[in-house]
There are 2 protein chains.
Amino acid sequence: MDVTGHTNSDSRSGSAREPRRAASIRDVARAAGVSYQTVSRVINGHPNVREETRHRVEAAIQSLGFRRNPTAFALASGVTRSLTVLTSNTTLHGYAATLQGVEEAARAAGYALGVKVLTPEDDLDRTMSSAAAEGGGLLVIGFDPLGAAALERAPADVPCAAVVEAPPPGRTPPRPAVWADDREAARAATAYLLELGHRTVHYLAIPTSVGARRPEGPRAQGWRAALESAGITPPDPHGGTGWDAQVGYDEGRRLAEDPEITAILCGNDDLALGVLRALHHAGRAVPGDVSVVGFDDAPHSAFLTPALTTVRMDFQGLGRDAFALLHGQLESGHLPPEPTFAGTDLIVRESSGPVGG
Amino acid sequence: MDVTGHTNSDSRSGSAREPRRAASIRDVARAAGVSYQTVSRVINGHPNVREETRHRVEAAIQSLGFRRNPTAFALASGVTRSLTVLTSNTTLHGYAATLQGVEEAARAAGYALGVKVLTPEDDLDRTMSSAAAEGGGLLVIGFDPLGAAALERAPADVPCAAVVEAPPPGRTPPRPAVWADDREAARAATAYLLELGHRTVHYLAIPTSVGARRPEGPRAQGWRAALESAGITPPDPHGGTGWDAQVGYDEGRRLAEDPEITAILCGNDDLALGVLRALHHAGRAVPGDVSVVGFDDAPHSAFLTPALTTVRMDFQGLGRDAFALLHGQLESGHLPPEPTFAGTDLIVRESSGPVGG
DNA sequence: CTGAAAGCGCTTACAG
DNA sequence: CTGAAAGCGCTTACAG
């Protein structure tokens with residue numbers, strides 16, 4: 001079966017109709033019998049306007065269906081109630097959920113949201129400066145090397161905030177940023193597996209924001225720390241080449257060949273999904289033979305069979321808080337609130353259990 | 001475990017630094033020893049500029065790091081190389097993939113992308129007119145009643161395109177739109193199940209764009225048509241209340257109780273995931289006792305156990321084509337190409353098979 | 001081929 | 001409390 005798609009380019013209702021000019025403040029002024037400056041005062045909630053004048057203007061605004069032109073406002077005032085989020089991805093769970101959080105907060109604050117996707121092909125400096133030229137603020141999702149590089153290159157004179165992986169202890173991101181404690185979460189997840197009786201835990205890594213310069217992201221560091229503090233020499237981490245289930249499956253096939261391996265911590269739930277599938281193909285039971293723990297708590301993870309044990313991350317909260325950080329820079333006097341996002345949480349489901357259980 | 005998140009509001013590198021004004025065309029003109037109109041001609045690739053003058057101006061642009069202010073350009077020219085996509089969701093597979101397709105096409109064309117999320121709480125007319133006031137075009141994702149309503153209310157004088165569910169035969173959407181043939185795809189998927197020997201096929205519906213006025217979306221219609229043309233009276237469809245796995249699970253529990261049911265077509269893969277889980281809990285084997293077919297081919301569906309039989313939809317292609325439709329309206333002379341997006345495809349995997357097989 | 005003028009729709013001082 | 005002026009950074013005719 002191959003069903004062809006359809007299109008309807010009927011332009012009767014398209015661009016044919018005469019684009020009647022929208023009402024401007026001068027139109028409103030004329031209708032209300034005032035100068036256009038007064039209209040400006042009214043729409044900006046300026047105090048010094050006589051009650052009756054204000055009413056006349058408001059009536060004219062209503063009847064003409066006037067809406068202030070955001071472009072003209074931005075040009076004249078230098079204020080842009082908008083932000084553009086820079087991200088290398090919009091569909092992976094962590095990115096999409098973060099974006100969703102940013103969007104909610106932006107909408108609540110009356111900000112328009114722009115999205116610019118970062119690609120290795122595009123010149124980063126051009127991308128950054130064109131994003132900056134749009135006015136408004138920059139919000140970068142710095143979960144990967146591309147995002148981290150973008151954050152590094154954000155022009156110093158433009159308001160910018162970020163959500164990032166947990167930075168190394170004692171270091172801070174180049175710009176105001178929020179993060180969840182990936183490191184501690186990975187440590188705790190690993191410790192949980194150890195307590196179950198597993199002699200060691202293998203780690204299947206996601207690519208991280210630190211890239212090739214230093215292949216150990218915070219999740220890997222937390223995993224390593226847990227093993228070391230239990231006196232266990234960490235095995236070499238696996239993966240690091242991609243985020244999706246296919247990578248998890250490929251790595252999982254290799255992992256499945258080693259009967260000594262009884263516990264695998266995955267850098268995200270997609271990787272874990274692939275590992276589950278590989279283990280199944282190899283005839284190894286989960287959690288009977290091997291325990292699998294994911295990261296992020298993607299929407300489908302609770303419905304897998306076995307349901308996936310994973311670390312829940314509040315990406316939406318991170319997105320909201322990053323917006324608050326940016327909002328504070330954009331509107332002086334609007335102080336960023338204390339971050340209220342919840343932490344991380346280990347959600348124990350069915351894919352993990354006692355060794356040999 | 002509950003690990004608290006962190007924030008870094010260090011503003012040293014934030015808004016403290018003096019926001020040095022960016023170079024304007026007047027600055028460039030002064031540096032090049034020409035009038036600023038000439039600079040305008042150069043940056044707009046106007047032909048009538050002497051070779052040497054052009055070089056001088058370009059050199060000045062380089063050395064000053066000049067970039068044209070998009071806001072001023074938009075205000076003066078009335079042209080906005082931007083569009084805003086209106087959607088009720090950004091994370092569900094179909095929406096996210098469509099958005100991704102739009103983004104790719106927009107980026108390739110040099111358009112800035114805005115996103116406005118539609119909610120039942122916000123006043124639709126206000127939302128629409130504020131989106132329209134931003135300038136540029138509107139691209140609405142009309143998979144649900146909210147999106148469909150937005151498309152209906154798009155101001156007639158603003159360029160607009162949409163991606164929608166397949167409209168009823170003979171009817172066309174209110175504005176130029178693209179769609180895949182959901183109806184035919186559902187018919188084919190149902191026919192496939194019937195050929196396997198199932199005596200009937202049950203349908204678990206997604207909410208559709210037609211909403212309550214007419215509860216039968218194109219996928220349901222295709223399913224119904226397939227049954228009827230095989231001389232089978234369609235059972236009542238189930239679901240219709242939500243898109244996610246939880247809904248699928250709840251409905252699945254009910255479906256699992258009826259031993260007569262051997263084949264279930266689901267309106268999307270998330271619903272199917274929930275059904276799979278419910279069937280497992282009820283002790284019914286897939287595909288041994290019950291065949292399950294999904295819709296959309298979400299990224300994780302191929303890695304489930306059993307891997308999900310589903311209908312692949314080219315949402316990215318739909319997004320790209322919808323952009324082309326809008327692009328054609330925004331830039332006269334830029335004719336929308338023939339839609340090239342692939343159709344739908346039934347992907348047979350492990351969750352479906354012969355009845356009693 | 002190039003410059004001087006007017007204007008896009010708004011705001012921000014400055015007068016009264 | 002309200003109006004007249006200048007300007008945000010660009011473009012589009014209009015002159016030369």
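Residue numbers start from 1 in every chain, and the chains themselves are labelled A, B, ... in the order their sequence lines are given, proteins ahead of strands.
Residue A:R26 contributes atom CZ, which lies 19 Å from atom P of D:dT2 at whole-angstrom precision. Look at OH on B:Y36: it is 16 Å from P on C:dT2, rounded to the nearest Å. Per the geometry, CZ belonging to A:R54 stands 13 Å off C1' belonging to D:dT2, to the nearest Å. Per the geometry, CZ belonging to B:R30 stands 14 Å off P belonging to C:dG3, to the nearest Å. Taking atom CG of residue A:N44 and atom C1' of nucleotide C:dG9, one finds them 13 Å apart after rounding to whole Å. A:H46 places its NE2 atom 8 Å from the P atom of C:dT12, with the value rounded to the nearest Å. When rounded to the nearest whole Å, the span between CZ of A:R56 and P of D:dC1 equals 15 Å. B:R41 has its CZ atom 13 Å from the P atom of D:dA13, to the nearest Å.
At least one donor-acceptor pair closer than 3.5 Å links the side chain of B:T119 to the backbone N or O of B:D122. Using a distance-only test at 3.5 Å, with no hydrogens or angles considered, a donor-acceptor pair links the side chain of B:D27 to the main chain of B:S24.
Each of A:G33 and B:S77 has a nearest nucleotide on DNA chain D; the 5'-most of these lies closest to A:G33. Remark on DNA chain D: of its neighbouring residues B:Q37 and B:L75, the 5'-side contact belongs to B:L75, judged by nearest-heavy-atom nucleotide. When each of B:P47 and B:A72 is assigned the nucleotide of DNA chain C with its nearest heavy atom, B:P47 is the one assigned upstream, toward the 5' end.
When the nucleotides C:dG3, D:dG9, C:dT11 are ranked by their closest atom to the side chain of A:F73, C:dT11 comes out on top. For B:R50, whose side chain is taken as the heavy atoms from C-beta onward, the closest listed nucleotide among C:dC1, D:dG9, D:dA6 is C:dC1. Residue A:S40 has its side chain nearest to C:dT11 when only C:dT11, C:dG3, D:dG3 are considered. Looking at the side chain of A:I25, the nearest of the listed nucleotides C:dT11, D:dT2, D:dT11 is C:dT11. Set against C:dC1, D:dA6, D:dC10, the side chain of B:T53 has C:dC1 as its closest nucleotide. For A:N48, the listed nucleotide lying nearest its side chain is D:dC1; candidates were D:dG9, C:dC10, D:dC1.
A:T71 comes within contact range of no nucleotide atom at all, as no heavy-atom separation falls under 4.0 Å. A:R68 comes within contact range of the sugar-phosphate backbone alone, with a heavy-atom separation under 4.0 Å but no base atom that close.
For the pair B:T38 and C:dG3, the criterion of a side-chain N or O lying under 4.0 Å from OP1 or OP2 is met. Contact check, B:S35 against C:dG3: a side-chain N or O comes under 4.0 Å of OP1 or OP2.
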Go through it in stages, so that I can follow the logic: the residues are B:F143 and B:N89, the test is side-chain contact (heavy atoms from CB on, under 4.5 Å), and I'd like the CA-CA distance, side-chain angles, deciding distance and then a yes or no. CA-CA 10 Å; B:F143 293 155; B:N89 187 287; over 6 Å; no
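In the interface, the side chain of A:R67 is not paired with the base of C:dG9 through any donor and acceptor atom under 3.5 Å apart.
Closest heavy-atom contact between A:R175 and A:A156: NH2-O, 3.7 Å.
Between B:N69 atom CG and B:I25 atom CD1 the span is 10.0 Å, to the nearest 0.5 Å.
Applying the Watson-Crick and G-U wobble criteria (two distances, each under 3.5 Å), D:dC1 pairs with C:dG16.
For the pair B:R153 and B:D125, the minimum side-chain heavy-atom distance is below 4.5 Å.
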